[in-house]
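Contents: one structure, followed by commentary.
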Amino acid sequence: TTCLWLRGRACSLAWRFCLRRWALTCWVTGCATAWIRACAALTESLRASAGKANMAMEIFGGAMSGTSLDGVDMVLAGFEGADASLSQANIKVLAHVYTPYPVALREQIMAICLGQPLTLPQLGAVDLAVARQYVEAIRAALAAAGLAPSSVIAVGVHGQTVYHQPLGPDRFTLQIGDPNTIAVGAGVPVVADFRRRDMALGGQGAPLAPAFHEHWFRHDSRTRVVLN
């Protein structure tokens with residue numbers, strides 16, 4: 001996972017921490033526990049770097065755009081009473097916004113998904129355009145919640161998937177939407193590149209949400225179904 005904290009010396013400190021923790025974390029395919037522990041380690045790193053370890057409410061964000069190519073959904077959520085695993089947290093949605101893709105950008109992304117020829121400068125331009133859409137969504141959510149970027153511990157961004165091949169000898173997935181541009185443009189720490197990390201460790205890169213569902217909704221005596 002790529003941890004982008006673009007604030008002076010904190011950048012190198014957070015990056016080294018992320019590399020060490022993720023290198024030591026074994027994520028067995030379908031095992032939610034290892035993933036939750038790794039996320040908890042990363043969360044503690046971000047809390048410490050941000051100086052927010054003792055906040056009454058810890059604020060995180062999540063932004064995503066799906067294969068429908070319609071736009072970016074962004075949520076800011078506050079976690080109260082959270083321990084390292086978030087198992088005792090009360091979650092409050094602080095803001096949710098949706099920013100649609102311009103028609104021209106949607107058509108460009110679709111062309112990439114369909115395998116139409118393009119040059120590297122063209123790919124780079126679309127990569128940046130998607131990132132700017134994420135920046136717009138994050139800024140809009142901050143404005144809706146009345147929050148400053150400095151109040152957010154981190155925003156998770158997996159990017160726009162343009163190719164996904166989870167099976168075979170050359171398993172590969174590609175998401176665009178440069179997280180460096182997002183971190184600088186929105187002024188928040190960004191955690192990105194989830195899917196390729198999962199595939200490198202033997203997973204299929206998607207879906208990732210069931211790991212959270214299993215951790216959050218598991219019950220010893222009740223059967224629960226989550227429709228994703």
> So do the side chains of F217 and V226 get within less than 4.5 Å of each other, counting heavy atoms only?
Replying inline: yes
> Do L174 and V130 sit in the same hydrophobic cluster, where Ile, Leu, Val, Met, Phe, Trp and Tyr count as joined when their side-chain heavy atoms come under 4.5 Å apart?
Replying inline: yes
Just by distance, do the side chain of E107 and the backbone of A104 share a donor-acceptor pair under 3.5 Å? no
Here the gap from M110 atom CE to Q116 atom CD, rounded to the nearest 0.5 Å, amounts to 10.0 Å
Would one find more than 12 heavy atoms of other residues, nucleotides or ligands at under 6.0 Å from atom CG of L114?
yes
Note: A145 and L76 closest approach over all heavy atoms is CB-CD1, 4.2 Å
Between Q204 and P166, the two heavy atoms sitting closest are O-CB, 3.6 Å
For residues Y163 and Q175, is any side-chain donor paired with an opposing acceptor at under 3.5 Å? no
Q) If two hydrophobic side chains count as joined below 4.5 Å and joins carry through other members, does V157 share a cluster with V75? A) no
In this structure, CD1 of I138 is separated from CD of Q133 (nearest 0.5 Å) by 11.5 Å
Rounding to 0.5 Å, atoms CZ (F60) and CD1 (I91) come to a distance of 10.5 Å
Do other residues, nucleotides or ligands put more than 12 heavy atoms under 6.0 Å from R222 CZ? no
message = Under 3.5 Å, is there a donor on one side chain and an acceptor on the other for Y134 and T99?
response = no
Smallest heavy-atom separation, A95 atom then A141 atom, equals CB-O, 3.5 Å
Below 4.5 Å, heavy atoms only, C-beta onward: do E136 and V72 meet side chain to side chain? no
d(Q108 CD, L105 CG) to nearest 0.5 Å is 6.0 Å
Can you find a pair of side-chain heavy atoms, one from R139 and one from P149, that are under 4.5 Å apart?
no
message = Salt bridge check, D198 against R195: does any charged N sit closer than 4.0 Å to a carboxylate O?
response = no
Value for OG (S151) from CD (E58), rounded to nearest 0.5 Å, stands at 12.0 Å
Margin query: Contact between I59 and F79 at the side-chain level, heavy atoms closer than 4.5 Å - yes or no?
Written below: no
Applying a strict under-4.5 Å side-chain criterion to I, L, V, M, F, W and Y, I'd like to know whether L208 and V191 cluster together. yes
* Asked: Does the side chain of Y101 come within less than 4.5 Å of I109's, by heavy atoms?
  -> yes
The reported gap from CG in D127 to CZ in R132 (rounded to nearest 0.5 angstrom) is 9.5 Å
message: Using side-chain heavy atoms (C-beta onward) and a distance below 4.5 Å, is R171 in contact with Q165?
response: no
Open item on the list: Any heavy-atom pair between the side chains of V126 and Q160 that's under 4.5 Å?
Closed with: no
Exercise for review: Flag yes if L167 and V162 sit in one hydrophobic cluster, no otherwise; membership is Ile, Leu, Val, Met, Phe, Trp, Tyr, and two members link when side-chain heavy atoms are under 4.5 Å apart.
Suggested key: no
| task | Evaluate the side-chain proximity of M74 to V155: yes if any heavy-atom separation is below 4.5 Å, no if none is. | result | yes
Nearest heavy-atom approach of S65 to G71 is CB-O, 3.2 Å
(Q) Membership question, hydrophobic clusters at under 4.5 Å side-chain separation (ILVMFWY): are F194 and M64 in the same one? (A) no
